[in-house]
Every structure is written in structure tokens, then in C-alpha cells.
Amino acid sequence: MTTPSAERGQWSSRVGFILAAAGSAIGLGNIWRFPYITGQNGGAAFVVIYLLCVVLICLPYLLAELVLGRHTQKNPVGAIRLLRPGSPWIGVGVLCVLTGVGILSYYAVIAGWTFGYIFKNLLFAHLDFGHFVASPWIVVPLFAVFLGLTMWVVFGGVEQGIERWSKVLMPLLVLLMAVLIVRSVTLPGAEKGLAFYLKPDFSKVTPGVVMAALGQAFFSLSLGMGAMITYGSYLSRREDVVASGAYVALFDTLVALMAGFMIFPAVFATGHDPASGPRLVFVVLPEIFQTLPLGGLLGALFFLLLSIAALTSTISLLEVVVAYFVDERRWSRKRSVWVVGVLTFLIGLPSALSQGTVEGLTRMDWLVGEEGFLGQHDFLSIMDALWGNLALALGALLLSVFIGWVWGAEKAAQELQQGSQISPGLLRIWQVFIRYICPVVILIILVNVLRGYLG
Ligand code: PHE
């Protein structure tokens, strides 16, 4: 998709770009991952740190990825190669591609659960999550179906159609979330959940909590692995990157915050443990639906919409990897999609089997010790911590150094200014962020976590 400019597509409008970028950003990260990570990291204090990360680190960094993409009109590896041919910086592009595969491998497993829940809500309401997720003949085919769906879209290039659909369906998802929030906060015992979510207790904050918040912010906004470089590469010079980027960050954050209001009151009202990990929303949501009229139907609709939100995210993950093989290795699109898809399936299998099917994957203490890897014990959560957290932060650190220092903050700022109303003062502040604040803060957090981990 990143061949010479005449053949490259471009977003037909600013709305088209915002929809695609928001489609990549909004997904399981907001509705599945945000509540589970918030629950594991103590609640409100984590949320405050998360919001700080979004505004102070991720927003400036998002603009940097977008302008790098728009300026070079290329995928992450191609963009770096164009600006610094033959340099070791190309390794950062390769890290992006690896991270794409790493995240997609387990993300599609969760997306498979989501997809399966459409039918489970209607047909097998009694089947409990523990059994569902530990049944390999259920979860593996679902994983394969979801990955296949993603491959089909990326191969056929029908993203356009999907975007048009999302325009209608995503507002519907948000509406349904609003209904669930009203139900959740009016359940008896909901106050405890609201307190957990809204009353910060900063004494619980450790380097691990800060790392989790930063990682979640990158994950949720699809940052640190080049998705936004790739999407930015389809933007025209006339577009206002600053305003578009700000909208994407705003929508994404609002949906995540809503997910918290939907889940936490119900978690406490139904007596669940907020720290129960990746299964949290899958256990709690059906209980909310049970208390609603036509709950089975509403539940099915909700998981259908969530599956579509997940699909617009897996498309962007696969697209980065496929674009690399097509542009840089001159593979055909078909071959790239097949090879990457099959490989991702194999890498994802242990994740699919790590929720009770295979004991050695469900509790990996034999490998990561009793403390776990960043507190995680099962294969899927460890992959999530490794790729969805650490690798994204590392990628963002290296890319902000590349953009701020190697390509140069002035050149990046010039590109940012094109088509935008941003004032010269703000533009200067942005340069300070991309050169100093982003890399230094990310580095400090990473070093602290690794020190705690190694020492
Ligand atoms: N942002 C997506 C979500 O929240 C996940 C994602 C991460 C997509 C990184 C692309 C790159 O679901």
C-alpha cells in the first residue's frame, strides 16, 4: 500500500481519517484491557496517572507518529529508511513489525472470545466463562475465525466499507455502553465500585503501576508500533493533523473512561475481584445483562459491536506488518497476508490455551517465578505485558528520539504546521515535548521497572 504516490490511496476526507484512526484506537484496549489493568493496579490512582500519560506523553507523541507518516508517505520501516538509509535506526522499524505480530497473536484470541460471546449470550447462557475459555475446541476455532476475518479484510482491501459501517455502529456501541452504565451504577452495592474507580489512594502507586498506566495509554491509542505512522501516511498536507489527532485521543479516552463506569460498580455489586485479570469483563458483563429486560439479546448485540470495534483494531495491527513485507521485501499482498496470518496463528496458540487448558501455560511460575512477569502469570497476560506494554513503550521511546533528534524537531514541526492552525508558541512547546519530555519520562519509567525486576 505504500508504493509510489500515484498508486497510494488517500483518505477522501478528514472524517475518513479520523474514523480509521479512531477505529484502530478504539477496541478491546478500551473495553477489555483498560478495566482489567485498572482493576489490577488499584483503581483511581492508576486512572489519574493514565490520564496524565495520555495528555503529557501520548498526545504529543501521537502527533509525531502522524507527521512522520504524512511526511514520508511510508510504513514505519520505509519511513526510517527514507530519512536515514542504511542506519541502525531501521531496527526500530523492525521492532514495530515484531510488536505488531506479538500483539495481534493474543489480541485475536480475546477478539475470538468476544465473537463467541455473541452466540453464547443467546444460546448457552448457562455456560460459565471458566469452562468456555478452557475449552480448546471452542477458543481455538474462534481465534482462527477472527484472525481469518482480519486477513480477509486486509487482503481484500475492504477497509473502506468497514469504515463506513463503523460510522453507524460505533455510536451505537457507545449508546449501549451508556445503558449499561446506568444499570451498573444503580445496582445495590455499586458505591464501593465507584469509590474504587474515583477515589485515588496514591500510597498504592509503585513503578509497576506507572509502567502499566503508560503502557495502557500507548496500547489504547495504538502507539509505539507504527500504526499511526502508517495511517498518517494516507493523510494529505491540507489536513489539520493537530486537530484530528486531538479528536482521536479524546474519543479513545472517553470510551475507556466509560468502560470503567460500566464495569467497576458491577464488579463490586456482584462480589467479583477487580484484580481477576483478562477475564474480568467477560465475567462481569453477562451478569449486568442478566438484570436487564431482553438481556440475552442486548448482550449479543453488545458483543457483536465490540467484535467490530476489535476488527478495526486488528486490521491496523496486521496492516503494519503486511505493508512492511509488501513495500520493503517486495512480497505480493496475498503472500504477505498468508505468511503473517499463519505465523500469527501459531504464535497465538499458546495464548489461546493459557486460560485453564494447559496447566504449564496457565501458571508459568516455572519460568517467571512467583512474582510473575510484571505481575502476570499466564502466557496470554505475559505476552500482553511484554508486547502490549514494554515493547510499545520501548518503540515509542526510540521513535521519539528518532523524530526529535535524528529527523529533527524543527523539520517535524514544519510538517506539523502544514494545514494546521497551531500557534508558534504551542509549536515550540511541542518540540520540547518530543525532544525532552517524552523520551526522558519514558526512559525513567522503563529503567525503574527493569531495576525493580532485575534487582
Ligand atoms: N488500540 C487498540 C485497542 O485499544 C489496540 C492496538 C494497539 C491496535 C496497538 C494497534 C496497535 O484495542
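Every number for a ligand or one of its atoms is a count from 1 in the order of the listing. Residue numbers run from 1 in the order of the sequence given. Both backbone and side-chain heavy atoms feed into the values below; hydrogens, waters and symmetry mates do not.
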In this structure, which one of S24, S220, S222 forms a side chain to side chain donor-acceptor pair (under 3.5 Å) with D252? S220
Say whether Q376 and D384, considering side chains only, have a donor N or O and an acceptor N or O under 3.5 Å apart. no
Could you verify whether a donor N or O on one side chain and an acceptor N or O on the other, from S381 and D378, lie under 3.5 Å apart? yes
Can you classify the ring geometry of F34 versus Y50 as parallel (below 30°), tilted (30 to 60°) or perpendicular (above 60°)? tilted
Using the ring of each side chain (for Trp, its six-membered ring), is W32 parallel, tilted or perpendicular to Y107, with breaks at 30° and 60°? perpendicular
Rounded to the nearest 0.5 Å, what separates atom OH in Y61 from atom CG in L397? 9.5 Å
State the atoms of ligand 1, each with its element, that fall below the 4.0 Å cut-off from a heavy-atom position in [X].
| X | answer |
| --- | --- |
| L317 | 8 (C), 9 (C), 10 (C), 11 (C) |
| M225 | 11 (C) |
| G29 | 3 (C), 4 (O), 12 (O) |
| S220 | 1 (N), 4 (O) |
| A25 | 1 (N), 2 (C), 3 (C), 4 (O), 12 (O) |

When you look at W331 and Y324, which way does the ring pair (Phe, Tyr, Trp, His ring centres under 6.0 Å) test go after all the steps? CA-CA 9 Å; W331 287 13; Y324 163 76; 8.6 Å; no
Below 3.5 angstrom, do we get any N/O pair linking [X] and ligand 1?
| X | answer |
| --- | --- |
| L28 | yes |
| S316 | no |
| S222 | yes |
| L392 | no |

Among all the protein's non-hydrogen atoms, which is closest to atom 2 (C) of ligand 1, and how far away is it? S24 O, 3.2 Å
How far is atom 7 (C) of ligand 1 from its nearest protein heavy atom, and which residue and atom is that? F219 O, 3.4 Å
Aromatic ring proximity F143/F345, centre distance under 6.0 Å: yes
At a 4.0 Å cut-off, with the gap strictly under it, does some heavy atom of Y107 reach an atom of ligand 1? yes
